[in-house]
Student: 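Here's a structure for you.
All values derive from a computational prediction rather than experimental measurement. Residue numbering restarts at 1 for every chain, and letters A, B, ... go by the order of the sequence lines.
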Amino acid sequence: MKIYNTLTKRKEEFVPLEEGKVKMYVCGPTVYNFIHIGNARPMIVFDTVRRYFEYKGYDVNYVSNFTDVDDKIIKQAIEEGVSADEISKRYIAECKKDMEGMNVKPATKHPLATEEICGMLEMIQDLIEKGYAYEKNGTVYFRTRKFKEYGKLSHKNLDDLQSGGRSLLVTGEDEKEDPLDFVLWKPKKEGEPAWESPWSDGRPGWHIECSVMSKKYLGEQIDIHAGGEDLVFPHHENEIAQSEAANGKEFAKYWMHNAFLNIDNRKMSKSLGNFFTVREISDTYDLQVLRFFMLSAHYRSPLNFSAALMESSKTGLERIRTAASYLKRLEENATQEKMTQQDKETFEKTETYVTGFEEAMEDDFNTADAIASVFELVKFVNTTVEEESSKELLHQLFDRLATLMDILGLFVEKEAELLSTDIEQLIEERQTARKEKNFARADAIRDELLAKGIILEDTREGVTWKKA
RNA sequence: GGCGCCAUAGCCAAGUGGUAAGGCAAAGGUCUGCAACACCUCCAUCACCAGUUCAAAUCUGGUUGGCGCCUCCA
């Protein structure tokens, strides 16, 4: 399996630290509002990475945090006149609902920054003792130049950073020894949440949180650290500096970064205000469609979001699901139980689509290519399977399709839903009308159901329905 | 100013040296009471210029256009 590593700027063969196990950490959102669909990209992408590892038999320890102490949370709390804690708790709960809708598996552990302060104090103290950090008026800074490899992830050199067009010196930070130094601990301002520390009552800097939570739940060394590409610098660069300075060993072996989700070719972000929340999208679309859309491009390519593209994704996903329900229907009506010799040969032919799918995923999780294999399998099913096919074959084909889709976190079957009895009666009445060639009545009933969001389709095997 | 990415059909998108996957849309057709589904047919020489090579969308140089990071940010 090959993974593109931001650290080395090339695809590398994945070799786990420990045989059969994967330890991965994915930087999670800051919870001060509903998550937007840009936040959803890494969730979906890295959940898919996880699912593929699990499909390959790896035991994946997947940790993803919630940043629940931050300027923006405090700002939101002040605006609403409630506590910061209330804001973060609320949006963590909402985020989890969205994740469920997108079929993103819960992490093995979702640590909260506010519950890990103790570990942060320890690591900061450790860094001070090792000479990598210093305290000034209650603020603790990381001594960036002391960490010789600083810049190795983002491939920047310190002098470029300093002589750049922008000043890294921000107001009130002229007490730093060096403009490149960043904050590990900062004293509280009036009304802000704070914790006691040897340096001041205050709160941790953003970067130290991930270093500490990763170490606590995954150990000093992990296989994969992932997040959005904007986190490469400074967040991940700083994490490396902190963790490697404190632990004295390589922090993460593989660094994965997803590209952005754009709107009109512009980065979507809360600060630019050009974003859609996942919740908004879920009003119009099944979030499975959003997931399918996200996986239709490679995770390292920028992806534009639009209603037209969502429609296209919806239709495409529907095509796959139609094939699946076709198999199910035939299976229910099949008379032949066991596979015939010909069935066996048919089934063997689908091996190539599984291989194609796996090869795509092995190549740095090329989900776009993997989906192409799924479509090829769908085409094969639609052109090969027939009423005479055996139950066993139909079942196996369904299973094969569902398995591939499950790796992508996509369902192939609609949830088991029951129609209310009056709707079922309408469908029966329509069938009677059709037999009597009373098509006007039949069409009227179909329209009536359509208005209720139910689409009827007449097939050789009878009437099927789906939600609009 | 520094660092970096991208440019494939109407749209989306794979493909990193051997002659363009897949999906959506459109068009024509088969099936069907109609519709839908499904199936068949049709749909590109890869931004531009120059070069390397027997061979380039794929490598090199340049041009144009778009974007990202360097500041909270997925």
Student: Identify the nucleotide, in any strand shown, that forms a Watson-Crick or G-U wobble pair with B:C69, with both distances under 3.5 Å; if there is none, say none.
Tutor: B:G2
Student: Would you sort out whether A:H236 and A:H207 count as a ring-ring contact (aromatic ring centres under 6.0 Å, His included), showing the intermediate values?
Tutor: CA-CA 8 Å; A:H236 288 162; A:H207 313 299; 9.5 Å; no
Student: Is the base of B:A38 touched by the side chain of A:R319 through a donor-acceptor pair closer than 3.5 angstrom?
Tutor: no
Student: In whole Å, what separates the C1' atom of B:U8 from that of B:A14?
Tutor: 10 Å
Student: Whether A:N366 contacts B:G15 is assessed here as follows: a side-chain N or O lying under 4.0 Å from the phosphate OP1 or OP2. Is that the case?
Tutor: yes
Student: When we call it a touch if two heavy atoms are under 4.0 Å apart, what does A:K314 touch: a base, just sugar-phosphate, or nothing?
Tutor: nothing
Student: Atom CG of A:L261 and atom C1' of B:C67: how far apart are they, to the nearest Å?
Tutor: 14 Å
Student: Strictly by Watson-Crick or wobble contacts shorter than 3.5 Å, is anything paired with B:C39, and which nucleotide is it?
Tutor: B:G29
Student: Kindly point out which of B:A13, B:C39, B:G33 is positioned nearest to the side chain of A:F439?
Tutor: B:G33
Student: Indicate, with yes or no, if the rings of A:F66 and A:H110 have centres closer together than 6.0 Å.
Tutor: yes
Student: Please give the distance between the C1' atoms of B:C59 and B:U52 as a whole number of Å.
Tutor: 8 Å
Student: With rounding to the closest Å, how many angstrom separate the C1' atoms on B:G28 and B:G17?
Tutor: 38 Å
Student: Taking the P atom of each, how far is B:A21 from B:C5, in whole Å?
Tutor: 28 Å
Student: Has the side chain of A:K156 got a donor or acceptor that lies under 3.5 Å from a partner of the other kind on the base of B:C3?
Tutor: no
Student: Rounded to whole angstroms, how far apart are CG on A:N382 and P on B:A38?
Tutor: 7 Å
Student: Answer yes or no as to whether B:G22 has its base stacked against A:F375, where stacking requires a ring-centre separation under 5.5 angstrom and planes under 30 degrees apart.
Tutor: no
Student: Say you pick atom C1' in B:A20 and the same atom in B:G62; how far apart are they, in whole Å?
Tutor: 26 Å
Student: Has A:H36 got a side-chain atom pairing as donor or acceptor with A:N39's backbone, closer than 3.5 angstrom?
Tutor: yes
Student: Which part of the nucleic acid, if any, lies within contact of A:A308, taking any heavy atom under 4.0 Å across all strands shown: a base, the sugar-phosphate backbone alone, or nothing?
Tutor: nothing
Student: For the pair made of CG in A:L295 and P in B:A14, what is the distance, rounded to whole Å?
Tutor: 12 Å
Student: A:D369 CG to B:A13 C1': how many Å, rounded?
Tutor: 10 Å
Student: So does A:K466 pair up with A:E457, basic N to acidic O under 4.0 Å?
Tutor: yes
Student: I'd like the C1' distance from B:G29 over to B:A55, given in whole Å.
Tutor: 40 Å
Student: Closest to the A:S312 side chain: B:C24, B:G68, B:A14?
Tutor: B:C24
Student: Of all the choices, B:A13, B:A74, B:G33, which nucleotide is nearest to the side chain of A:R430 once you look at every atom?
Tutor: B:G33
Student: Rounded to whole angstroms, how far apart are CG on A:N438 and C1' on B:G33?
Tutor: 12 Å
Student: What about A:D443, does its side chain sit under 3.5 Å from the base of B:G33 through a donor-acceptor pair?
Tutor: yes
Student: Of A:S154 and A:L303, whose nearest nucleotide on RNA chain B comes first from the 5' end?
Tutor: A:S154
Student: Nearest whole angstrom, please: distance from the P of B:G4 to the OH of A:Y4.
Tutor: 11 Å
Student: Closest nucleotide of RNA chain B for A:F380 versus for A:I371: which of these residues is on the 5' side?
Tutor: A:I371
Student: The side chain of A:R446 lies closest to which of these nucleotides: B:C72, B:G15, B:C34?
Tutor: B:C34
Student: Under 4.0 Å, heavy atoms only, any strand: does A:E376 hit a base, just the sugar-phosphate, or nothing?
Tutor: sugar-phosphate
Student: Heavy atoms under 4.0 Å, any strand shown: does A:R266 hit a base, just sugar-phosphate, or nothing?
Tutor: sugar-phosphate
Student: Salt bridge check: are A:K96 and A:E100 linked by an N-O gap of less than 4.0 Å?
Tutor: no
Student: Describe the nucleic acid contact of A:S313 in one word from base, sugar-phosphate, nothing, applying a heavy-atom distance below 4.0 Å.
Tutor: nothing
Student: For a quick check of understanding: with a heavy-atom distance under 4.0 Å over all strands, which category does A:L456 fall into, base, sugar-phosphate or nothing?
Tutor: base
Student: For B:U53, give its Watson-Crick or G-U wobble partner with both distances under 3.5 Å, or none.
Tutor: none
Student: For B:A7, which nucleotide is its Watson-Crick or G-U wobble mate, given both distances must be under 3.5 Å?
Tutor: B:U64
Student: What's A:G38 touching, base or sugar-phosphate or nothing? Going by heavy atoms closer than 4.0 Å.
Tutor: base
Student: Do side-chain atoms of A:T322 reach the backbone of A:E318 as a donor and acceptor pair under 3.5 angstrom?
Tutor: yes
Student: Whole angstroms only, please: what is the CG-C1' distance between A:L309 and B:A25?
Tutor: 12 Å
Student: Which part of the nucleic acid does A:F293 contact within heavy-atom distance under 4.0 Å: base, sugar-phosphate only, or nothing?
Tutor: nothing
Student: Contact class for A:T459 vs. all strands (heavy atom < 4.0 Å): base, sugar-phosphate, or nothing?
Tutor: nothing
Student: Give a yes or no answer on whether the side chain of A:D47 reaches the backbone of A:K105 with a donor-acceptor pair at less than 3.5 Å.
Tutor: yes
Student: Considering just the side-chain nitrogens and oxygens of A:S301, establish if one lies under 4.0 Å of OP1 or OP2 belonging to B:C67.
Tutor: no
Student: Output the single nucleotide from B:A74, B:C24, B:G33 whose closest atom is nearest the side chain of A:F260.
Tutor: B:A74
Student: Which of the following nucleotides, B:C12, B:G4, B:C70, is nearest to the side chain of A:F233?
Tutor: B:C70
Student: NZ of A:K467 versus C1' of B:A36: gap in Å, rounded?
Tutor: 19 Å
Student: Of the nucleotides B:G68, B:A35, B:G22, which one has an atom closest to the side chain of A:D458?
Tutor: B:A35
Student: We want to know whether A:T432 and A:E429 form a side-chain donor-acceptor pair, criterion being a heavy-atom distance below 3.5 angstrom.
Tutor: no
Student: Take atom P in B:A13 and the same atom in B:U53, then report the distance between them in whole Å.
Tutor: 35 Å
Student: Using a heavy-atom cut-off of 4.0 Å across all strands, would you classify A:M268 as base, sugar-phosphate, or nothing?
Tutor: base
Student: C1' atom, B:A56 versus B:A47: distance in rounded Å?
Tutor: 16 Å
Student: Do you see a donor-acceptor pair shorter than 3.5 Å between the side chains of A:E358 and A:Y55?
Tutor: yes
Student: Answer with base, sugar-phosphate or nothing: what part of the nucleic acid does A:H36 contact at a heavy-atom distance below 4.0 Å?
Tutor: base
